**Q** 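Mind looking over this structure? Questions follow.
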Amino acid sequence: MAKDTALELEAIEPNQHGYRTFSLGTFTFSRDEYFAYVTWPTGSHMMSVDAFLRPLQRDIAWGFFYGIVNFDAVIGTVNHYGTVDFFAGRYNEHYKRAGLDHVENFKTGVIKRVFEAMLDDWTNAAFDPFASPEETGTPFGPKNGSNKAAITRHRVSAKRMVGAPGDEPLRTDDNGFPINRHFLDVPQDEPEIIAEPGFEDEVVAFNLFTYLSRSDVTWNPSIVSACKNSLYCPTTEEYILPVIHGNDRVEWFVQLSDEIRWDVEDRETGAVRAKVTMKAGDVAAMPADIRHRGYSPKRSMLLVWENASADLPRLIASGQLPNTPVSF
Ligand SMILES: [Fe+2]
């Protein structure tokens with residue numbers, strides 16, 4: 001039964017470091033100068049606060065995404081599309097075997113409100129959870145202001161395609177998106193459009209490399225084109241993917257520039273399944289029963305191709321569709 005009472009969000013006086021403590025069902029969340037702490041009836045967990053705030057930011061911005069967002073090997077969320085599980089140890093073989101795992105289910109709006117309040121309270125003025133470590137300040141220390149502009153930035157979600165009339169705009173110097181320091185060599189030309197007479201307002205094209213060279217965030221797939229359930233979600237990556245994403249459907253990856261290395265693990269247990277190195281031009285289909293974390297030494301461009309069909313998790317979980325789109 002999903003919990004939906006407003007009591008989940010408790011306004012508690014700040015602790016000696018200036019941060020509020022939050023509760024969500026029987027879970028509690030607190031932070032000090034360096035760490036985030038999570039407790040539940042059968043255990044407790046601590047994480048470096050930067051490694052906690054980065055997945056928290058993405059989980060909120062992505063609407064809990066597809067499948068599982070593991071903050072690390074212990075805690076995270078499962079999206080049931082209307083309700084969300086928060087779990088501890090659920091996808092960790094050893095926690096499960098020891099009986100220390102714990103899961104509670106919440107209406108999406110409830111967990112979203114608690115997460116948003118926590119992210120707002122725990123993010124200091126200098127820190128941007130979406131930015132690469134090289135391009136933001138410190139998340140550590142006693143409470144020092146807030147960074148509402150960074151944590152509530154607009155998420156690109158094109159209805160048809162970036163640049164189409166009335167849709168998401170292109171990125172330019174003038175609208176606040178300068179070329180990133182790692183992409184100064186990316187050409188900035190735009191395609192020439194030669195439309196049949198009468199179709200001038202309907203034919204649209206843009207330079208995706210130019211667009212991505214001006215992304216101000218990392219590890220944040222955003223929808224640049226949509227054709228029914230087929231979503232192109234490119235993103236720019238630098239340093240480490242802050243979440244370990246557990247798929248509930250196949251995801252296609254097209255490495256558009258530079259290189260990312262992926263750790264691929266079993267979704268349920270965390271057992272290592274593969275190490276994948278993707279160089280520019282490489283294509284991979286991540287299976288529906290894995291979880292993965294990427295490492296990008298230099299800012300790189302990755303096209304994530306998602307199938308948004310609401311039927312896929314059920315069809316795959318019931319065995320009516322395979323976990324992989326290709327058999328060799
Ligand atoms: Fe994924």
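Please read all numbers here as calculations on a predicted model, not as lab measurements. Counting convention: from 1, in listed order, for ligands and their atoms alike.
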**Q** Kindly give the atom name of the N, O or S atom of Glu251 closest to the Fe ion (ligand 1).
**A** OE1
**Q** Would you say Asp59 and Thr77 are linked by a side-chain donor-acceptor pair, where the criterion is simply a distance under 3.5 Å?
**A**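 Per modelled atom types, Thr77 and Asp59 side chains form a pair under 3.5 Å.
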**Q** Kindly compute the distance separating CZ (Arg31) from CE (Met47), expressed to the nearest 0.5 Å.
**A**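 One finds 12.5 Å between CZ of Arg31 and CE of Met47.
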**Q** Can you check the angle at the Fe ion (ligand 1) formed by NE2 of His292 and OD1 of Asn247? Round it to the nearest 10°.
**A** 90°
**Q** Any idea which N/O/S atom from His245 gets closest to the Fe ion (ligand 1)?
**A** ND1
**Q** State whether a side-chain donor-acceptor pair under 3.5 Å links Ser48 with Asp50.
**A** yes
**Q** Using a 6.0 Å cut-off, check whether atom OH of Tyr239 has over 12 heavy atoms from anything other than its own residue.
**A** no
